[in-house]
> 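Once you've had a glance at the structure underneath, I'll fire off some questions.
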Amino acid sequence: MKKSILFILFSVLSHIFAFELFSTSELLAAYLEKNSDIQTQAISYQQAQFSNQKNLINQGFSITLSSGSMIFETSADGNSFSISPAIKTSIPQAANLGINLSGNFTFSESGTSMEDSSVNVSLDIISASALERKISLLESERKVLEAKRDFEAAVIAAEKEFYSTLSSLLSQVSSIISKQQDLYEDKIEFEEVKAKGYSEKSSNYRSAQMKVLSDQHEVEKAERVLKNEYTLFYLQCGKELHFDDLNDYMSLIPSDIPEVQPLEIKSFNPDSYTQVEKALWAQKLAELNRQTNKKFTLTANTGLTCKNRSASNKSTIDLGLSGTIGGLTISPEVYLPIAGGNFYPSASLGISLDPNKFRTDKIDAQIDVLDQRQELIDIESARRKLESTITEEELELQNILWEKTKYDEYYQTNKSLEEDMLSWYKMGVITESKYLSARVSREEYEVLKIINLIDMLLYNDTVSSYFYSDAQ
């Protein structure tokens, strides 16, 4: 008979707790996997990597092959075919070295002719091209770095959302336990009223009874909300949770929340603080861009041209320079004949002047001074923000550690009281309501201890999010 009773009791309990609870690590992994922000940032990170690869190709060695215009002509004198092929190469990392080959060829029944065919080599002697290339590469790499950081930030944010939601659910469990505490205390008062012999129609009896009924209603209402919230939470994690009844709230309390040591916010490199790092990067990039505004540039080029139209269709060696000072540009070029009886060289000169360029350069210099001041202000402001953040988080940590100490102390006290009350209840010294009141007091602090562990995880996530782990 006793075994049958135990079997029936086991069957009832199995029905009551007929729901599957996953470990916190399983839920977190599933939650992160389904998080759309993480997925979006992962795609953005990959896109930035591909864009950087394209930029590396564009900023490196390049070669372009072109056939030019191909013309077919027919006439009474015969047929002809002309073509203007060209090859252009560029090596930006070698002082913007450029080598260009081009030609104009005509093939006819009378023979082959060639004019204005040339080999040209150009080289920057003084220019901003190398620095501009460096800036382009740095900005492209920075976009990859920022995309990576955005992805990591999305993971931390999602983890914080997960633990915040879990903490909120546990707070609801704690609230139900508190309502149960009220219920048991009012039951004790109701039992005392009945023990004093008040009739069921008396105001004292009905008032005490209504308190118990009201408490029961509050507990049941909170239970329904908790069940719905837990079900939705599991759905956010891609899991299902079904239960028809729930009498043991402690079964919902996770037992695998890790106890972590708090991060020491002052141990982080101040320059890796997100706002400081961004301000320092902005200053560095702005300084590089200012260096590209050179007052003087000089480019040299040389080459060989067959039947140069600029030198009376002679084959020439071409030598040229192009220099810029402010708004003044001077471009001299010399053509030295290398074939034929006439070896007299020819030359060309190009001059352009933009008076406004001199005026705007002066204004740009004044703007640069103001920009530098603003950059220093931004850096200093970010450092002050870091100091404020350190103070805020240290105070938050003190609160978490204080609560941990108090919850541990209160839990041990209530656990000891519960054990004594259970012994007295078994001996018939106290009523069941008094024992249950002691038990839910212990359970409440057990839940608060778990919430405190989650608070420490959230604190560490928050501190981590303030700094870039990859900052130089």
> Is the shortest side-chain N to carboxylate O distance from R224 to E220 below 4.0 Å?
no

> Would you check if there is a donor-acceptor pair between the side chains of S433 and T431 at a distance under 3.5 Å?
no

> Between the main-chain N or O of N204 and the side-chain N or O of S207, is there a donor-acceptor pair closer than 3.5 Å?
no

> Between the side chains of K221 and E218, is the shortest nitrogen-to-carboxylate-oxygen separation below 4.0 Å, so that they form an ion pair?
yes

> Classify the side-chain pair Q41/D37 by whether it contains a donor and acceptor separated by less than 3.5 Å.
no

> Above 12 or not: heavy atoms from other molecules or residues under 6.0 Å from CD of E380?
yes

> Using the side chain to side chain donor-acceptor pair (under 3.5 Å) criterion, which residues pair with S331? Sequence neighbours excluded.
S322

> Ignoring hydrogens and angles, tell me if any N or O in the side chain of T405 forms a donor-acceptor pair with the backbone of L401 under 3.5 Å.
yes

> The test is side chain to side chain donor-acceptor pair (under 3.5 Å); show your working for N399 and E403 and say whether it passes.
CA-CA 6 Å; N399 290 336; E403 288 178 344; over 6 Å; no

> Taking 4.0 angstrom as the limit, do E277 and R142 come out as a salt bridge?
yes

> Counting distance only, does the side-chain N/O of T231 pair as donor-acceptor with the main-chain N or O of K227 below 3.5 Å?
yes

> Any salt bridge linking K415 with E446? Criterion: basic side-chain nitrogen under 4.0 Å from a carboxylate oxygen.
no

> Taking the basic N atoms (NZ, or NE/NH1/NH2) and the acidic carboxylate oxygens, is any pair closer than 4.0 Å for D215 and K211?
no

> Does a side-chain N-to-carboxylate-O contact under 4.0 Å join D271 and R383?
yes

> Hydrogens and angles aside, do Q181 and E185 bring a side-chain donor and acceptor to less than 3.5 Å of each other?
yes

> Check whether any side-chain heavy atom of D150 lies under 4.5 Å from a side-chain heavy atom of Y45, and answer yes or no.
no

> Please check this pair: side chain of S175 against backbone of S171, looking for a donor-acceptor N/O pair closer than 3.5 Å.
no

> For F296, does the CZ atom sit with more than 12 other heavy atoms under 6.0 Å from it, leaving out its own atoms?
yes

> Using only heavy-atom distances, determine whether the side chains of E418 and S441 contain a donor-acceptor pair under 3.5 Å.
no

> Please confirm whether the ring centroid of F190 lies under 6.0 Å from the ring centroid of Y205.
yes

> Can any side-chain N or O of R149 pair as donor or acceptor with the backbone N or O of Y468 at less than 3.5 Å?
no

> Got more than 12 heavy atoms from elsewhere within 6.0 Å of NZ, K196?
no

> Can you tell me if N460 uses its side chain to pair, donor with acceptor, with the backbone of Q261 under 3.5 Å?
yes

> Atom NZ of residue position K449 - does it have more than 12 heavy atoms of other residues, nucleotides or ligands inside 6.0 Å?
yes

> Less than 3.5 Å apart, any donor N or O on the side chain of E444 or S178 sitting next to an acceptor on the other?
yes

> Could you list the residues that satisfy side chain to side chain donor-acceptor pair (under 3.5 Å) with Y31, not counting sequence neighbours?
E161

> Work out which heavy atom in K357 is nearest to a heavy atom in G327; give both atom names and the distance.
CB-CA, 3.5 Å

> Tell me yes or no: between the side chains of S25 and D256, is some donor less than 3.5 Å from an acceptor?
no

> Sub-3.5 Å donor-acceptor pair from the side chain of S272 to the main-chain atoms of F467, do we have one?
no

> Look at K187 together with E191 and state whether they make a salt bridge at an N to O cut-off of under 4.0 Å.
no

> Strictly distance-based, threshold 3.5 Å: is any side-chain N or O of E159 a donor or acceptor partner for the main-chain N or O of L458?
no

> To the nearest 0.5 Å, what is the distance between CG on L56 and CD on E141?
7.0 Å

> Treating Y184 as the side-chain partner and R439 as the backbone partner, does any N or O pair qualify as donor plus acceptor under 3.5 Å?
no

> Hey, can you tell me if Y234 and F22 have their rings parallel, tilted or perpendicular (30° and 60° cut-offs)?
tilted

> Given D371, which of Q283, R290, Q366 fulfils the side chain to side chain contact (heavy atoms under 4.5 Å, CB included) condition?
R290

> Which distance, rounded to the nearest 0.5 Å, do you find between the CD1 of I390 and the CG of L395?
12.0 Å

> Does N289 use its side chain to pair, donor to acceptor, with the backbone of L285 at less than 3.5 Å?
yes

